[in-house]
Amino acid sequence: MPMKTSISLFQDVKENWKIIQAKYFPINFNSEVFSFTDVSEGFGIEFTLPNSHIHHFFINVKITQRKLLTCQRKYSLHRIILLEVAKSIIYQIGNYQIDEAIDPKFCQINHYGSFELNCLHTDEDFILEIAQAMAVGAKFSEYDQNVDARFKLLEPFNNHQLFLIKEIYRRIAEKFNFVVKDLILGSFYKEMQLQKYQMATLSLQFKNGINSININIFRNQIQKLVRNYEMDEDQAIYFIIKNFFKQRVLNLDTTPLANRECKEKEESNVLIKIANNFPNNFFELMN
């Protein structure tokens, strides 16, 4: 029975990784899922970086079966793999960069000239951005649900996009009598120092309301809709808010309404009605 569980979990890991790789990595990127039984038992992922034939930096992530099974009591396997792989990649890159910084013989030992170093740094930047995006996906389901590696994973918003998000949010809030709050703007990695924003969080809540519907927007989502469905940016932003608002409302509470407080029941009914009657597009909202 334990062996059957191990085999089944291995297949689940492979299937989840296939989905993750398709979302976060370029089409021609190579990786391999494997099992190990050395000190402990578990699963790993070996990465083939674009310039791995030139430098000596290899990434090999291992996750024990025990950790996977323990974490699955609280989180989905998909989310666990996203976070654990991201953490391991960032850790391994950090260690290798420390070796390069403190060891005066680093280049001599590894036979690195300027060309090899440039290839190494290119690969480090490449896989580090993907790892950061995976960590974001593990934290924010909206990002993981829509991320598309064909577009820049964590590209910051431009000023016009930030203006559109604020304007569309204001109009939605006014139409349905939500309180207009300041957007929460977030950054990851080096963009934090550059004061460039990669995530915008808006909140839809009635005055003195019980439920706050928080929606996170990323530029990758916008680009995907604009390119794939030929939407204008304002329509794409509105589409994201509309769809995630509906998802959030329908998942607010699984408790039967009859067992909840009267005010909460009344508010939930209103939110569901709004979600089901959201204007189809931004033009309808404005009229």
Side-chain angles (χ1 to χ4, degrees), residues 79 135-147 154-188 191-192 195-226 231-287:
R79 183 180 179 187
V136 172
K139 180 75 174 177
F140 302 104
S141 61
E142 302 99 311
Y143 184 79
D144 179 61
Q145 191 171 324
N146 291 287
V147 64
L154 291 173
E155 187 175 16
F157 297 113
N158 59 39
N159 290 335
H160 182 61
Q161 289 166 336
L162 286 174
F163 168 78
L164 286 175
I165 293 170
K166 291 176 183 177
E167 183 64 15
I168 293 168
Y169 168 49
R170 183 184 66 80
R171 288 178 178 271
I172 291 173
E174 289 178 353
K175 181 175 181 64
F176 297 111
N177 296 315
F178 293 119
V179 177
V180 179
K181 301 180 182 180
D182 290 335
L183 287 180
I184 299 174
L185 300 173
S187 303
F188 317 102
E191 279 72 15
M192 191 174 294
Q195 293 186 318
K196 294 182 178 180
Y197 302 110
Q198 297 158 289
M199 180 180 77
T201 302
L202 56 89
S203 174
L204 295 171
Q205 184 177 20
F206 294 124
K207 185 177 181 181
N208 300 320
I210 297 169
N211 298 296
S212 177
I213 312 299
N214 297 318
I215 299 168
N216 301 299
I217 303 175
F218 301 85
R219 185 169 181 174
N220 186 274
Q221 299 167 305
I222 299 171
Q223 296 299 102
K224 181 178 179 179
L225 291 172
V226 168
M231 291 185 178
D232 291 332
E233 286 190 334
D234 54 1
Q235 294 294 345
I237 293 167
Y238 176 79
F239 182 84
I240 291 166
I241 297 173
K242 170 189 167 185
N243 279 276
F244 279 110
F245 176 79
K246 189 168 186 177
Q247 283 187 28
R248 293 286 188 272
V249 168
L250 296 179
N251 291 314
L252 268 178
D253 197 342
T254 56
T255 307
L257 291 176
N259 297 334
R260 287 154 58 191
E261 295 294 331
C262 183
K263 183 177 180 181
E264 187 175 0
K265 174 182 175 180
E266 182 181 341
E267 182 177 304
S268 295
N269 283 333
V270 173
L271 288 170
I272 291 170
K273 185 176 180 180
I274 290 173
N276 289 329
N277 290 280
F278 234 73
N280 290 324
N281 54 59
F282 185 48
F283 298 126
E284 289 184 20
L285 175 72
M286 295 173 64
N287 294 331

Which salt bridge (Lys or Arg N to Asp or Glu O under 4.0 Å) pairs, counting each pair once, include a residue from residues 233-244, with sequence neighbours left out?
none
How far apart are the C-alpha atoms of N216 and E142, what are their side-chain angles, what is the distance that settles it, and do they pass the side chain to side chain donor-acceptor pair (under 3.5 Å) test?
CA-CA 7 Å; N216 301 299; E142 302 99 311; 3.0 Å; yes
Is there a donor-acceptor contact under 3.5 Å from the side chain of S187 to the main chain of K196?
yes
If you take all heavy atoms of G137 and D144, which pair is closest and at what distance?
O-CB, 3.5 Å
Keeping to residues at least two apart or across chains, list the salt bridge (Lys or Arg N to Asp or Glu O under 4.0 Å) pairs with something in residues 208-223.
E155-R219
Starting from the C-alpha separation in whole Å, work towards a yes-or-no answer on side chain to side chain contact (heavy atoms under 4.5 Å, CB included) for I237 and Q235.
CA-CA 6 Å; I237 293 167; Q235 294 294 345; over 6 Å; no
Would you say CZ of F176 has more than 12 non-hydrogen atoms from neighbouring residues, nucleotides or ligands within 6.0 angstrom?
yes
Is there a side-chain contact between V147 and V136, using heavy atoms and a 4.5 Å cut-off?
no
Just how far is it from atom CD of Q221 to atom CG of N243, taken to the nearest 0.5 Å?
10.5 Å
Here the gap from I222 atom CD1 to M231 atom CE, rounded to the nearest 0.5 Å, amounts to 12.0 Å
List the residues meeting side-chain contact (heavy atoms from CB on, under 4.5 Å) with N159, not counting sequence neighbours, and say none if there are none.
none
Without swapping roles, check the side chain of Y169 against the backbone of L204 for a donor-acceptor pair under 3.5 Å.
no
Does any N or O in the side chain of E284 come within less than 3.5 Å of the main-chain N or O of N280, such that one atom is a donor and the other an acceptor?
yes
Determine the interplanar angle of the F140 and F218 rings, folded into 0 to 90°, and report it as parallel if under 30°, tilted if 30 to 60°, perpendicular if over 60°.
tilted
N214: what forms a side chain to side chain donor-acceptor pair (under 3.5 Å) with it, not counting sequence neighbours?
S203, S212
So the salt bridge (Lys or Arg N to Asp or Glu O under 4.0 Å) pairs with at least one residue in residues 172-182 (sequence neighbours excluded) are R170-E174
Quickly, which of I168, I241, I172 forms a side chain to side chain contact (heavy atoms under 4.5 Å, CB included) with L202? Name it, please.
I241
Considering residues at least two apart in sequence or located in another chain, which fulfil the salt bridge (charged side-chain N to carboxylate O under 4.0 Å, His left out) criterion with E267?
none
